[in-house]
There are 2 protein chains.
Amino acid sequence: MVAPKNFLDFVDSNADKFIDRLGEAVAIPSISGDAARREDVKKMAQWLSNQLSQYGVETQFVPLGTQVLDGKTLELPPAVIGKIGNDPSKKTILIYGHFDVQPAQKDDGWNTEPFELHVDKDSGKMFGRGSTDDKGPILGWLNVLDAHHTLGLALPVNLRFVFEGMEESGSEGLDEYISSETAKGTGSYFHGVDAVCISDNYWLNTRTPCLTYGLRGIAYYQIVVSGPGADLHSGIYGGSVYEPMTTLIAIMSKLVAPNGRILIPGVYDGVQAADSNELEKYDALDYSVSDLESAVGGRIANSDDKATLLMGKMRNPSLSLHGIEGAFSGTGAKTVIPATVSGKFSLRLVPPQTPEDITQKVTAYIEEEFAKLQTKNTLKVEYLHGGKAWVADTNHWNFEAARRATEAVYLQTPNYTREGGSIPVTLTIADNLGVNVLLLPMGRADDGAHSTNEKLDISNFIQGTKLLGSYLYEVAEIAK
Amino acid sequence: MVAPKNFLDFVDSNADKFIDRLGEAVAIPSISGDAARREDVKKMAQWLSNQLSQYGVETQFVPLGTQVLDGKTLELPPAVIGKIGNDPSKKTILIYGHFDVQPAQKDDGWNTEPFELHVDKDSGKMFGRGSTDDKGPILGWLNVLDAHHTLGLALPVNLRFVFEGMEESGSEGLDEYISSETAKGTGSYFHGVDAVCISDNYWLNTRTPCLTYGLRGIAYYQIVVSGPGADLHSGIYGGSVYEPMTTLIAIMSKLVAPNGRILIPGVYDGVQAADSNELEKYDALDYSVSDLESAVGGRIANSDDKATLLMGKMRNPSLSLHGIEGAFSGTGAKTVIPATVSGKFSLRLVPPQTPEDITQKVTAYIEEEFAKLQTKNTLKVEYLHGGKAWVADTNHWNFEAARRATEAVYLQTPNYTREGGSIPVTLTIADNLGVNVLLLPMGRADDGAHSTNEKLDISNFIQGTKLLGSYLYEVAEIAK
Ligand SMILES: [Zn+2]
Ligand SMILES: [Zn+2]
Ligand SMILES: [Zn+2]
Ligand SMILES: [Zn+2]
């Protein structure tokens with residue numbers, strides 16, 4: 001069931017209004033990581049609740065408790081939840097999004113004020129903090145509701161919304177809410193949800209819409225090596241003591257080969273090689289080595305083969321060395337022997353890897369390599385944080401609906417992608433609700449979420465609004 | 001010729017006056033590295049010149065030009081040079097010292113105000129910035145001049161003084177002055193200097209006076225590895241690109257073994273192993289493994305053998321890894337793939353190593369190891385700064401005089417030491433004047449120069465004053 005023509009026309013003819021509304025949203029600097037902006041995050045929650053209400057959504061604020069930030073105890077911004085439609089003959093879709101944003105200041109390198117949406121009609125781009133992450137997608141849903149409400153059209157599905165204001169700061173409070181709410185069973189706000197749709201990631205390139213069905217997990221570590229009681233002068237003591245940096249660098253050099261192969265024994269256990277069927281999927285994606293190299297700004301791809309590259313960043317584990325805490329890190333030439341140094345690194349995980357299992361292997365290997373060094377420094381391996389990987393079934397009707405909607409709106413077959421990074425709430429929702437979760441991005445690979453000059457293309461906002469609406473109609477169609 | 005009894009008695013009976021004068025000197029915060037304290041450095045130059053003048057020394061201020069500090073062009077503090085005695089039948093000794101100090105603030109961890117000399121009669125220690133580095137030793141010479149002037153005693157040698165106010169900030173301007181002055185030949189201020197005495201280092205322990213005859217040189221490098229155009233997110237790109245940190249850590253791990261052995265081919269060329277004669281010298285030093293381990297605050301000595309340890313820090317080359325610029329160096333867990341990282345390391349050099357020769361070997365080796373890694377990152381090896389090692393002839397009468405003076409004052413045979421670090425002016429003076437240079441320290445190993453709670457023991461100040469005076473008498477004796 002293709003979306004009705006009057007819905008699609010309404011979206012086109014109300015583009016300016018939608019853009020103005022995005023401008024209103026961007027103008028509220030709802031930075032969750034900045035204690036001084038906490039009231040703006042709450043203001044954004046209120047604004048969103050008002051918007052939803054005017055289109056007939058019953059909303060509630062969910063208090064999420066307090067946090068300590070910059071030494072102060074602060075109330076967390078409430079989650080905004082909403083409900084529209086209760087027709088047992090229709091499917092029920094849960095929508096997730098976040099209304100908080102990353103910090104931004106003009107002098108970070110922005111060409112325009114980050115909290116004033118700058119619409120450049122020539123390039124078709126709208127610049128502003130939150131334009132693509134994640135206010136644009138949230139407003140896509142508002143546009144869909146607006147169209148149906150104004151046109152007097154019934155929504156083809158029942159909708160439930162969970163919008164949070166702490167995503168950019170670790171989704172504090174949300175996991176507990178989702179699990180305790182889900183635990184209520186038939187009395188739960190989420191009771192009856194058939195599938196989930198999250199629009200908070202990006203296309204693989206700048207040309208092809210995509211459906212995302214996997215996320216890598218993560219396990220983050222630090223290796224702490226200590227020796228003297230305080231930093232030493234290398235002139236005075238160099239050559240007479242075991243130096244922590246020498247020990248640490250020796251260990252860090254044994255974690256991963258220059259080509260990216262992880263050297264920790266057992267780390268690949270259970271990770272299947274891709275069969276020809278899976279390889280074909282990656283070959284089918286609209287992507288190239290030069291897409292990667294222009295995105296990273298250097299000719300540093302570790303393979304000439306597109307599928308290998310894509311699997312490297314999406315479906316295989318990886319290990320990155322991030323840096324060293326405690327050593328000299330400034331410009332210039334300081335002759336210090338640092339007393340205690342912490343090497344930071346993390347692995348990106350894929351099924352069936354788990355942080356628990358990987359931590360055992362990492363720790364055992366590092367302790368073994370450390371013993372071989374026969375140094376008198378001391379060693380500690382610390383697991384700092386982590387999370388499991390997530391992979392969804394793309395044969396599910398939820399993905400099928402999104403595919404049909406994409407083909408209807410964009411006249412293109414979507415890329416089916418996995419993402420290398422994690423969006424932890426995805427896993428929380430999938431695990432708790434036990435239903436299929438679809439990631440349906442609105443923006444492009446070059447939108448620069450978290451960067452300066454973050455943008456959303458007008459066409460992605462408008463076509464994206466049609467896509468979200470059409471997806472609901474396709475869900476309804478399949479559900480019959 | 002032992003120093004006359006009335007000189008020695010004068011020193012003992014004027015101890016309080018000498019300590020008060022040290023208090024006056026410490027109270028002038030002559031921090032050469034702080035533009036806001038430049039006037040205090042100049043004030044200190046004036047104070048020192050006045051002190052020298054009252055005891056009959058003809059002084060001059062030597063302008064050393066300007067420098068740029070904190071974005072401002074500043075006049076360098078002048079050097080204070082002085083001359084007393086012109087008897088062709090006497091030896092002429094050049095004395096060097098510096099009247100500037102390291103920065104210090106009470107809240108760095110000082111127990112007392114750093115610029116108020118705190119005299120603790122119970123422990124016999126005097127705390128204050130500059131107490132041991134290098135105002136105490138300079139004032140030792142003032143005390144000697146004071147005694148001779150007041151007692152109407154003729155000095156046993158002619159003296160020349162060079163005191164600078166920029167030692168803690170790279171001795172800016174001094175090298176040029178010393179070489180251009182020396183180049184004047186018979187018209188030079190330094191014409192006729194027979195030997196040099198510098199009191200600006202420390203005993204090897206807290207018990208035994210020492211004469212220092214060697215300093216290691218240094219060659220400081222950074223290895224710059226680049227890849228992407230900007231920092232990348234390890235979730236999005238980890239596994240698909242060659243990461244600069246992986247490349248850098250692999251190279252840094254190939255520079256030095258955990259036990260301190262340098263792995264760069266040819267780096268030990270020409271460095272002789274110690275023969276039994278030399279080993280005996282190190283065995284004879286009053287030092288132990290526990291002296292080292294208590295000084296560094298950890299049981300990390302890389303040998304159980306005293307001579308091996310001492311040679312490791314004094315007479316053999318060493319390599320220390322200092323840190324990495326451009327990588328994540330904070331607390332916490334940032335998932336970054338840094339775009340450009342610079343690994344810093346330095347070698348301490350001994351004869352016949354030179355920075356030029358070592359730089360060729362370091363660069364060739366790193367480029368070769370980099371090629372083996374087969375990465376698409378780019379590499380640059382940069383030599384940041386360096387200086388040659390210095391070793392003096394301990395059989396020279398200058399050392400013989402210092403040994404006799406030490407035995408007379410302390411009733412102990414001195415330790416003969418080399419130092420692991422560099423005091424670049426030593427080499428400048430030795431190379432330009434072409435005469436023997438003696439380092440004759442006043443303070444102890446635990447004085448904490450450059451640290452919080454810097455101190456000088458009263459006994460080192462008073463006995464040290466006798467030592468400096470006695471040294472002049474022994475020079476005169478040998479010169480006969
Ligand atoms: Zn987001
Ligand atoms: Zn974000
Ligand atoms: Zn000094
Ligand atoms: Zn110093």
Side-chain angles (χ1 to χ4, degrees), chain A residues 216 220 227-230 232-243 245-247 249-250 252-253 256 258 260 292 296-302 309 312-313 316 318 320-325 327-331 333-338 344 346 348 373 375-377 384-385 420-422, chain B residues 216 220 227-230 232-243 245-247 249-250 252-253 256 258 260 292 296-302 309 312-313 316 318 320-325 327-331 333-338 344 346 348 373 375-377 384-385 420-422:
Chain A
R216 293 195 290 190
Y220 201 111
L232 303 177
H233 189 288
S234 67
I236 302 178
Y237 295 108
S240 64
V241 296
Y242 288 97
E243 301 187 13
M245 269 294 277
T246 305
T247 300
I249 295 284
M252 289 177 85
S253 76
V256 58
L292 176 74
V296 303
R299 304 203 54 190
I300 55 171
N302 66 9
L309 269 189
K313 74 202 250 357
N316 291 329
S318 65
S320 295
L321 305 173
H322 304 299
I324 296 172
E325 182 183 347
F328 174 51
S329 62
T331 54
K334 198 172 161 188
T335 54
V336 66
I337 297 175
K344 318 270 181 134
S346 67
R348 296 289 165 170
L373 298 178
T375 151
K376 288 188 181 169
N377 297 138
L384 296 185
H385 74 82
S422 42
Chain B
R216 292 195 291 190
Y220 201 110
L232 304 176
H233 189 286
S234 67
I236 302 178
Y237 295 107
S240 65
V241 296
Y242 288 97
E243 301 186 13
M245 269 295 277
T246 306
T247 300
I249 295 285
M252 288 178 84
S253 76
V256 59
L292 176 74
V296 303
R299 303 203 54 189
I300 55 171
N302 65 10
L309 268 190
K313 73 201 251 3
N316 291 330
S318 65
S320 294
L321 305 171
H322 304 300
I324 296 173
E325 181 183 347
F328 174 50
S329 61
T331 53
K334 199 173 164 191
T335 55
V336 66
I337 298 175
K344 318 270 181 135
S346 66
R348 296 288 165 170
L373 298 178
T375 152
K376 288 187 181 170
N377 297 138
L384 297 186
H385 73 81
S422 42

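Throughout, a chain's letter reflects where its sequence line sits, starting with A, and its residues are numbered from 1. Just so it is clear, the model here is predicted, and its values are computed rather than measured.
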Max heavy-atom pairs within cutoff under 4.5 Å with chain A, candidates B/Leu292, B/Asn316, B/Thr375, goes to B/Leu292
Could you tell me which of B/Val241, B/Ile236, B/Val336 has the largest number of non-hydrogen atom pairs under 4.5 Å with chain A? B/Val241
Residue set satisfying salt bridge (charged side-chain N to carboxylate O under 4.0 Å, His left out) with A/Lys313, at least two apart, ordered chain then number -> none
Atom of A/Leu384, atom of B/Ala333 and distance for their closest heavy-atom approach: CD1-CB, 4.1 Å
Which bit of B/Ala301 is near chain A, if near means a heavy-atom gap under 4.5 Å: side chain, backbone, both or neither? both
Please report the shortest heavy-atom distance between A/Thr246 and B/Leu321, naming the atom on each side. CA-CD1, 3.9 Å
Can you name the nearest heavy-atom pair linking B/Pro228 to A/Val296, along with the distance? CB-O, 3.3 Å
Proximity breakdown for B/Tyr220 and chain A, heavy-atom pairs closer than 4.5 Å: side chain
Check: B/Ser320 and A/Met245 side chains under 4.5 Å, non-hydrogen atoms: no
Identify the heavy atoms of A/His322 and B/Ser234 that sit nearest to each other, and give their distance. CE1-OG, 3.7 Å
Does NZ in A/Lys334 sit with more than 12 non-hydrogen atoms of other residues, nucleotides or ligands closer than 6.0 Å? no
Checking heavy atoms, do the side chain of B/Arg299, its backbone, both or neither come under 4.5 Å from chain A? backbone
Among B/Gly330, B/Ala230, B/Pro338, B/Ser422, residue most engaged with chain A (heavy-atom pairs, under 4.5 Å): B/Gly330
Selection from A/Ser329, A/Gly298, A/Gly421, A/Ser346 maximising heavy-atom pairs under 4.5 Å formed with chain B: A/Ser329
Chain A contact via B/Leu309 - which portion, at a heavy-atom distance below 4.5 Å: both
Just give me the residue among A/Gly260, A/Ser253, A/Ala250 that pairs up with chain B most often, heavy atom to heavy atom, under 4.5 Å. A/Ser253
Measuring from atom CD1 of A/Ile300 to atom CD1 of B/Ile337, what distance do you get when rounded to the nearest 0.5 angstrom? 8.0 Å
Chain B contacts, top residue of A/Arg216, A/Glu325, A/Lys344, A/His233 (heavy-atom pairs, under 4.5 Å): A/Glu325
Segment of B/Leu232 engaging chain A (4.5 angstrom heavy-atom cut-off): side chain
Taking side chain as everything from C-beta outward and backbone as N, CA, C, O, which of these in B/Thr335 sits under 4.5 Å from a heavy atom of chain A? Side chain, backbone, both or neither. both
Non-hydrogen atoms of A/Asn302 and B/Gly239 that approach each other most closely: ND2-O, 3.0 Å
I need the residue from B/Gly238, B/Ser318, B/Gly227, B/Ala327 with the largest number of non-hydrogen atom pairs under 4.5 Å to chain A. B/Gly238
